[in-house]
Chemist: 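Starting off with a structure, shown below.
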Amino acid sequence: MELAFGHPKSLKPIQTKYCPGCGHGVIHRIIAEVIDEMGLQTKSIITNPVGCSIWADLYFDFDSVQPAHGRTPAASTAIKRMLPDHLVICYQGDLAAIGTAEIIHAANRGEKFTTIFVNNAIYGMTGGQMAPTTLVGQYATTAPNGRDPVEAGMGYPIKVCELLATLGGTKYLARGAVNNPANIKKTKKYIRTALEAQMRGEGFTLVEVLAQCPTNWKMSPADAVGWLEQNMIPFYPLGEIKNTLQPAQTDAAAGER
Amino acid sequence: MELAFGHPKSLKPIQTKYCPGCGHGVIHRIIAEVIDEMGLQTKSIITNPVGCSIWADLYFDFDSVQPAHGRTPAASTAIKRMLPDHLVICYQGDLAAIGTAEIIHAANRGEKFTTIFVNNAIYGMTGGQMAPTTLVGQYATTAPNGRDPVEAGMGYPIKVCELLATLGGTKYLARGAVNNPANIKKTKKYIRTALEAQMRGEGFTLVEVLAQCPTNWKMSPADAVGWLEQNMIPFYPLGEIKNTLQPAQTDAAAGER
Amino acid sequence: MIEKTYMAGFGGQGIISLGQMWVYCAMKEGLQVTFFPAYGAEKRGGIARASVIVSDAEIASPLVTKAHSVIVMSQDSVPIAEEICAPGGVILVNSSLVKADPARPDARIIRVPCNEIAERIGDVRIANMVMMGALSQATGAVKLDHFEAVLKSFFPPAKHGLIPMNLAAVAAGRKAV
Amino acid sequence: MIEKTYMAGFGGQGIISLGQMWVYCAMKEGLQVTFFPAYGAEKRGGIARASVIVSDAEIASPLVTKAHSVIVMSQDSVPIAEEICAPGGVILVNSSLVKADPARPDARIIRVPCNEIAERIGDVRIANMVMMGALSQATGAVKLDHFEAVLKSFFPPAKHGLIPMNLAAVAAGRKAV
Amino acid sequence: MANKGKPVIDRERCKGCLLCVRACPTKVLGPDTTPNSWGYYPSSAIAPEKCIACGNCYQVCPDVAITVYKL
Amino acid sequence: MANKGKPVIDRERCKGCLLCVRACPTKVLGPDTTPNSWGYYPSSAIAPEKCIACGNCYQVCPDVAITVYKL
Amino acid sequence: MADDIRLMKGNEAIGEAAIRAGCVAYFGYPITPQNELTAYMAANMFPKGRTFIQAESETSAINMVYGAAATGARAMTSSSSPGISLKQEGISYLCGADLPAVIVNVARSGPGLGGISPSQGDYFQSTRGGGHGDYYTIVLAPKSVQESADLTYEAFALSDKYRIPVLVLADGLIGQMMEGVKLPAPIDPASLPKKAWAAGRQAEEGRAPNHVSSMNLVPEELEALNIARFKHYETVKKELCRYEEVQVEDADIVLVAYGTSARVSLGALQAARAMGVKVGLFRPITLWPFPYDRLNALAKRGKRFLAVEMSMGQMVEDVRLATNGQAPVDFYGRCGGMVPSEEEVLAEVQRLLAR
Amino acid sequence: MADDIRLMKGNEAIGEAAIRAGCVAYFGYPITPQNELTAYMAANMFPKGRTFIQAESETSAINMVYGAAATGARAMTSSSSPGISLKQEGISYLCGADLPAVIVNVARSGPGLGGISPSQGDYFQSTRGGGHGDYYTIVLAPKSVQESADLTYEAFALSDKYRIPVLVLADGLIGQMMEGVKLPAPIDPASLPKKAWAAGRQAEEGRAPNHVSSMNLVPEELEALNIARFKHYETVKKELCRYEEVQVEDADIVLVAYGTSARVSLGALQAARAMGVKVGLFRPITLWPFPYDRLNALAKRGKRFLAVEMSMGQMVEDVRLATNGQAPVDFYGRCGGMVPSEEEVLAEVQRLLAR
Ligand SMILES: Cc1ncc(C[n+]2csc(CCOP(=O)(O)OP(=O)(O)O)c2C)c(N)n1
Ligand SMILES: Cc1ncc(C[n+]2csc(CCOP(=O)(O)OP(=O)(O)O)c2C)c(N)n1
Ligand code: SF4
Ligand code: SF4
Ligand code: SF4
Ligand code: SF4
Ligand code: SF4
Ligand code: SF4
Ligand SMILES: [Mg+2]
Ligand SMILES: [Mg+2]
């Protein structure tokens, strides 16, 4: 009996505090797998943000830093500048609101860490408030009649990759999803491309991952994944939004593993 | 003897504290002229930002509010929401750094005030530090060898209009300059289009104005204008970057005055 | 009269609505009330607890640290019940899930098979209302006279169909004591 | 020995470099020094002032509120000079620009046509150095022995050609007292 | 395709979200009838013989509760 | 084009930046030789007869120190 | 009659009271444990034609409050500890521009991210100006859901009257707890008097331009403004100092506590009295202005004091400043989200009295 | 010899001292009157292969400091009053995560935008934690350019030693003034001991993962952490309290002042002594820990005190807390950017002594 799929080393084999069916779990796993594959477990640092993934440091089996809400890109900037040979992962849910200035300027400076932006279209930890990426019409406790950009002046869902793509420092921006095995594998490939580019010191890399939050969407996990497929993916196109990495290496990284 | 060109009513006829040749002066004048033409002097509110134009409330002869550095879009948001029938002008130099989150989200919400973004590629008031719009290679006290995006990680000059253009709430984004009479007249037209759109309640409008800061560029006023023409205009393209205003009215507004 | 109740279980057992309904009814009976919930930071699962006080005079601390009555909805709440129950207090145990009783020989321990009773009535989710009936019976602090009226204002009209089941749950809880 | 000097003029007159050069030379002569400038918030024009103290002992407040010596570079600085000069102090007036002297009969008023002298030497911009020479002569607080060395370390080598003119300005200022 | 596999579910780690059930192409998996000690009804291999070791269940499991073996 | 004009400069408001001099198509303007009370050498109409009332000087003046009349 | 009493969370009662006070503009950003307040405003402001904005950050929210307040509108924000820290610059600006506004802090445990449980660890920040420069805000500390509503309601009036921002300092327990509450009468915002200094409506008012600003680059002028503001503070101190006393007259020891810890202290007092131990309670309701004079008078009458706080000891400094060495002042505190129990406080009282 | 003495602005001396102390990471944002410091770091860090970032805001700068400090690097930021207000959340986080860092405040007049002239109006913010939660930072108050350099240099060592952020509280006068300064010896950052708790270099150190965080959602645990931190503060108080005394022994009145106002007070003292009036000066160098004990001892010896500040009265509260009613404490202050003169202070002394 040969092991085909099993627990990555960089993730601790413990029960998480995430809700049943939460998208964070799969994202954690694929990050850990890539780190294992790259052999960087003891050279990695993750910044766990304020949000449900505040717990990330309980699960990832390597160093971590927990900065203030929204400021992970600022903290990650400094961490990577101090430790340029380390793999620095800026794990974020909150970058399009309170972290707007921080992510835009880290991106514009071409800071050489990698951001994993978990877009679950909601503020999970605080109980379901509108996020900058909440879809038009989507319910949130602070958008009790659904997000209404015009009448209620709540603004439009922000496409983070597309916004950042205009900035000079950004080298690799991709959007994946964790709704099904195919997309999960693609997302993992994006993450691997980004992390490899980081270690080559190419510039700013970010992978946005569409993820479900069954709890605050008030759906079963299966329904949540379905909702993600029917509503989020059409609005937030999947794929590599910007890729100006060195061509040779991109090819290598893009090869199926 | 008939008056051909004379002082607008909405601007007080007093000596300003700006340096000789400073770009703020012309921008003040054309704003005041448009307000006079629209007959809105006593229905206007300007937010004077922290920056050399902190003095704006000494010169504009109507109500003003002075918010914290970078936060004028937040304050203007609230002012306009409280007084939707007023003309609210958010006069800013600092919106691409400390005000990044505020301007992006005000724009994304489609707030119905008008931003006049004075881009002089430098922090004037504090004595010549790098601004987010400082050009590559340009000297600043905090970029003593010129702005170096890659080696020193100082980031690239940010094209504010282009960045905001990706957002759903933005209706009118234009970039003018005050280097010569032709561009000044065009800039005035952009401002008029924006202010009229504001009064129609169309959505977020912003006019970026390239302006010289002879003092901190350490040039004579004439040289400064020349430098602006040779360096800034090629990098920051002039014109209407985004115009999704209602067609009929745009045409009317675009007519030469 | 003052009745301090501590309610403990895990998320999803309706501890919060139990406490809220209790104080709502108490208020309708003219009592002063406080209700203070405490959850874990996890969104699902985790502990759910509430300090609940009803009194005919002004209530000082809303925190229950010595409880006249304790509700224990799950096995892992037993230790906190043992600790928090005042001498001679009453501990109401959801015997459907709690197999080992609190070790408090000085307390009156009442075992109510809330889940079984609720399932019998038609929905395991009203196990909490069964317990509320039992609490009323055991303490007499809140009579639950206005329970039906409270439910009517609590539920939207579309859900008024659920009211009889809730009333039945309370009645059954009362009888189980 | 302590010499507190207040220097006043408008932006562009070199008040700041005057003060800095003065304390730089004083430091080279082994004195303790403080130099505290004050400008208006405008970038160009506006007032330029400096509190400058040299002493052979530790200096207490760096702020000059009663000056042993006052330098008045422009007409609009006259009132502040009248106010700040200590009884029996010395007021050095740039008579090229100041037409009405400070009304302080108790003070020694020295009139130095700094601009004229500077223009004669070759550049109106060294009017401030003319005044420094006068200050040295009038107070004796700083001898300016090391002025040439200071200038050498101050100016980049490319500008060392300007040194003779500066020395001449100081000498002329000295003589004008 | 002709692979044969075996999914092993860590009952205690599983939170019963059933995303693996949704993802399994051959309907190997289904909810268990007894809860684990957290009160969740975990996924279990109700038709283990159908497993083709595709790893889909592993991929979608947010709790890394599944290990898949090739037989 | 055949317009004739007259620029009037407020000497006290003028800061001598000379941007008007740069902008004048007919070289009407030039620096004055005596400073104003702020110490600035203001612009002045050194060849007033050439003025075509185009308003360029008015347009570029940061201090709104120029009024232009049509004759 | 119990009929017009509603059972509400503290957070909701604050929201409803604000609406009834004529608050027309709420700007907030989610943070536990005050989320119900933001949600309440989201649900209830828009239908009334009032402004609710979920701002992009707490910093933005306070600057929106600044903008709204500058137009004379009754404006409000709320947050919890870390979010309140982000508002410090804005609060200093509000004070520098003499703008009325209401800021609610449903405090949680710190420092840093800390936890989400109740705390009184923001006392210094609240009463000593966590922002820069010389200023104070009025600070009101409710002890119950009822008082949360009452003081929030009154906060708007006080703030308008004195042109000083008012901070309502609650904690996670008060925000999360449910109690019965009788709500104050709604005020129609349109009925409120216009503010002569506000920006906007220049035409209607036919006046010279108004400039709302905190800037003054002339030290002499700025000093004069500051001195005038502090003179005004003296008036506020005289008019506003507010506190509650329970059985202090014959007390051998007076507990000094506000908000939640005052509730706990009251419980300890009752238990002590039941045992014949003479305990009193002094509860400051205004934390600024702090009732120094009354405490000083009690100190002169030979009382001793025990400050009870959910912190490592902050308000106790004000008690010390008030008593000025004329009475022993002790401290008992819990922190990190722990709420002291009546039993603990009682035990501490007994320990002190036995000493 | 005067030869190794350099004439520098306070702002520049702080920058150079930081570099010599082995600061490898500076994050700042322009603001008057500290711009020369940011410019100095811009010019001098990059050539040394160290990190200088002009951050997008003060908030970002402090969070960059947090990140750098979390890796064990000697990191620093500087700003002036409004910018320091924006850093309050970050400072609270640094304290909650027990991270060393140096923060320089070259204070200006407030509140709000205020002015750009020197002020001591941020004393409360500095010593009472302008951020949320229970914490203190070490606060050092230089009086001269020399001390600005010395204290900044030492700040890094103290911060590392105690794992507490150190605030260097200067003012615009100290930042802008030039004096002679003898600079401390440069430290090679590579020679500094590694920090066992820091993130990074896990492989080299062969240890279990390190987690830098200020979060703890379990109140019991968070309380224990806070209590441990406050116990540690007691050690700091014992070891670090620092002050300077001038002629207090025979003084009839002791001026209490720090930084610039201490310089002015020294001048007033000298003038008074010249007139035979017995004035002393007590200058706290550490504002936290504040030298309560020594002041208390002086109070017990019958001294009277006059606190002199460039504020409306902030440090005077600490003087009152220290003297605890055992001596009269008076206050003399200027604010809004005004610096008191020796003559004014002397006049106030004479007024008080005549009373
Ligand atoms: C300064 C500050 N403001 C607000 C909060 C409250 N807060 C905690 S997490 C969070 C948002 C969480 O949403 P997201 O980042 O999308 O992560 P998720 O929980 O959805 O994974 C907020 C607003 C905070 N901790 N600090
Ligand atoms: C919170 C805060 N940070 C920094 C400053 C200092 N500051 C004043 S103006 C300014 C920038 C001015 O540049 P810009 O906005 O481009 O306007 P300009 O002077 O060039 O017209 C800065 C950084 C401040 N006042 N407040
Ligand atoms: S609340 Fe949403 S994001 Fe948070 S753990 Fe639960 S499912 Fe995941
Ligand atoms: S510094 Fe520059 S922007 Fe400021 S007034 Fe002078 S020229 Fe204008
Ligand atoms: S490996 Fe594939 S076939 Fe086997 S159980 Fe998992 S999903 Fe089903
Ligand atoms: S996906 Fe994982 S957690 Fe969900 S039911 Fe399957 S095994 Fe359990
Ligand atoms: S109006 Fe035209 S022609 Fe006349 S002075 Fe001005 S720029 Fe010259
Ligand atoms: S442009 Fe205006 S300010 Fe400049 S020189 Fe001409 S008139 Fe004077
Ligand atoms: Mg989210
Ligand atoms: Mg600028």
Side-chain angles (χ1 to χ4, degrees), chain G residues 59 81-86 88-89 92-97 107 109-117 119 121-122 124-125 128-135 213-227 230 311-314 317 320-321 323-326 334-338, chain H residues 59 81-86 88-89 92-97 107 109-117 119 121-122 124-125 128-135 213-227 230 311-314 317 320-321 323-326 334-338:
Chain G
T59 314
S81 311
I84 298 290
S85 290
L86 288 171
Q88 291 306 320
E89 187 204 24
S92 178
Y93 267 74
L94 285 166
C95 292
S109 50
L113 183 53
I116 56 175
S117 301
S119 167
D122 300 353
F124 281 147
Q125 185 193 58
R128 294 295 185 283
H132 58 285
D134 288 295
Y135 72 85
S213 172
S214 67
M215 184 202 65
N216 197 314
L217 294 174
V218 183
E220 288 82 357
E221 292 177 16
L222 186 57
E223 180 176 55
L225 288 169
N226 280 346
I227 290 173
F230 271 69
S311 82
M312 293 298 294
Q314 301 193 11
E317 279 198 5
R320 293 223 165 88
L321 285 167
T323 53
N324 199 26
Q326 303 191 286
R334 298 299 301 265
C335 72
M338 298 300 294
Chain H
T59 313
S81 312
I84 298 290
S85 290
L86 288 171
Q88 292 307 319
E89 187 204 24
S92 178
Y93 267 74
L94 285 166
C95 292
S109 49
L113 183 53
I116 56 175
S117 300
S119 168
D122 300 353
F124 280 146
Q125 185 193 58
R128 293 296 184 283
H132 58 285
D134 287 295
Y135 73 85
S213 172
S214 66
M215 183 200 67
N216 197 314
L217 294 174
V218 183
E220 288 81 357
E221 292 177 16
L222 185 57
E223 179 176 55
L225 289 169
N226 280 345
I227 290 173
F230 271 69
S311 82
M312 293 298 293
Q314 301 193 11
E317 279 198 4
R320 294 224 165 89
L321 284 167
T323 53
N324 199 25
Q326 303 192 285
R334 298 298 302 267
C335 72
M338 297 300 294

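Basis for what follows: all heavy atoms, side chains included, without hydrogens, waters or symmetry-related copies. Per chain, numbering begins at 1; letters A, B, ... match sequence-line order.
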Chemist: Does the G/N226 side chain pair with the main chain of H/R334, one donor and one acceptor, at a distance under 3.5 Å?
Modeler: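 Flag not set: sc G/N226 to bb H/R334 has no pair under 3.5 Å.
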Chemist: Mind checking the CE-OG spacing from G/M215 to H/S109? Nearest 0.5 Å is all I need.
Modeler: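 Separation between the atoms: 11.0 Å.
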Chemist: Pick whichever of H/G83, H/G337, H/G114, H/G313 has the most heavy-atom pairs under 4.5 Å with chain G.
Modeler: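 Of the options given, most contacts go to H/G114.
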Chemist: Please identify, among G/P82, G/S213, G/C95, G/S214, the residue contributing the most non-hydrogen atom pairs under 4.5 Å to chain H.
Modeler: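 So the answer, after comparing G/P82, G/S213, G/C95, G/S214, is G/P82.
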Chemist: Flag the one option from H/S119, H/G96, H/S85, H/G129 with the top tally of heavy-atom pairs under 4.5 Å to chain G.
Modeler: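 Among H/S119, H/G96, H/S85, H/G129, the one with the most close pairs to chain G is H/S85.
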Chemist: Check G/F124 against H/R128 and note the closest heavy-atom contact, atom names and distance.
Modeler: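 It is CB-O, 3.3 Å.
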Chemist: Any chance you could measure G/S117, atom OG, to H/E220, atom CD, to the nearest 0.5 Å?
Modeler: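 Here the interatomic distance stands at 8.5 Å.
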Chemist: If we only count heavy atoms from C-beta on, is the H/L321 to G/R320 side-chain gap below 4.5 Å?
Modeler: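 With C-beta onward as the side chain, the pair touches.
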Chemist: Between G/Q88, G/E89, G/H132, which is the residue that forms a side chain to side chain contact (heavy atoms under 4.5 Å, CB included) with H/L86?
Modeler: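 Exactly one option meets the side chain to side chain contact (heavy atoms under 4.5 Å, CB included) with H/L86, and it is G/E89.
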Chemist: Nearest 0.5 Å, please: how far is CG in G/D134 from SG in H/C335?
Modeler: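 So the SG of H/C335 and the CG of G/D134 are separated by 5.5 Å.
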Chemist: Is it the side chain or the backbone of H/S311 that comes within 4.5 Å of chain G heavy atoms, both, or neither?
Modeler: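 Contact with chain G involves both backbone and side-chain atoms of H/S311.
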Chemist: If you tally heavy-atom pairs under 4.5 Å against chain G, which of H/P219, H/G325, H/S92, H/G115 wins?
Modeler: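 So the answer, after comparing H/P219, H/G325, H/S92, H/G115, is H/P219.
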Chemist: Answer yes or no: is there a donor N or O on one side and an acceptor on the other, between the side chain of H/N324 and the main chain of G/N324, under 3.5 Å?
Modeler: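 No; zero donor-acceptor contacts below 3.5 Å.
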Chemist: If we define contacts as heavy-atom pairs under 4.5 Å, which of H/A224, H/A107, H/G131 has the most with chain G?
Modeler: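 Option with the greatest count: H/G131.
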Chemist: Where on H/Q326 is there a heavy atom nearer than 4.5 Å to chain G: the side chain, the backbone, both, or neither?
Modeler: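 The answer is neither part of H/Q326.
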Chemist: With a 4.5 angstrom heavy-atom cut-off, could you sort out which part of H/I227 is near chain G: side chain, backbone, both or neither?
Modeler: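 For H/I227, backbone and side chain are both near chain G.
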Chemist: Between H/T59 and chain G, with a heavy-atom cut-off of 4.5 Å, which part of the residue counts as in contact: side chain, backbone, both or neither?
Modeler: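 For H/T59, side-chain heavy atoms alone lie under 4.5 Å from chain G.
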Chemist: Sequence neighbours left out, what passes side chain to side chain donor-acceptor pair (under 3.5 Å) with H/N216? Give chain and number order.
Modeler: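 Applying side chain to side chain donor-acceptor pair (under 3.5 Å) to H/N216 gives H/E221.
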Chemist: Which one wins on heavy-atom pair count under 4.5 Å against chain H: G/D122, G/T323, G/L222?
Modeler: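 Of the options given, most contacts go to G/L222.
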Chemist: Return the option, out of H/G130, H/G133, H/P111, H/A97, with the maximum number of heavy-atom pairs under 4.5 Å with chain G.
Modeler: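 The candidate making the most pairs under 4.5 Å is H/P111.
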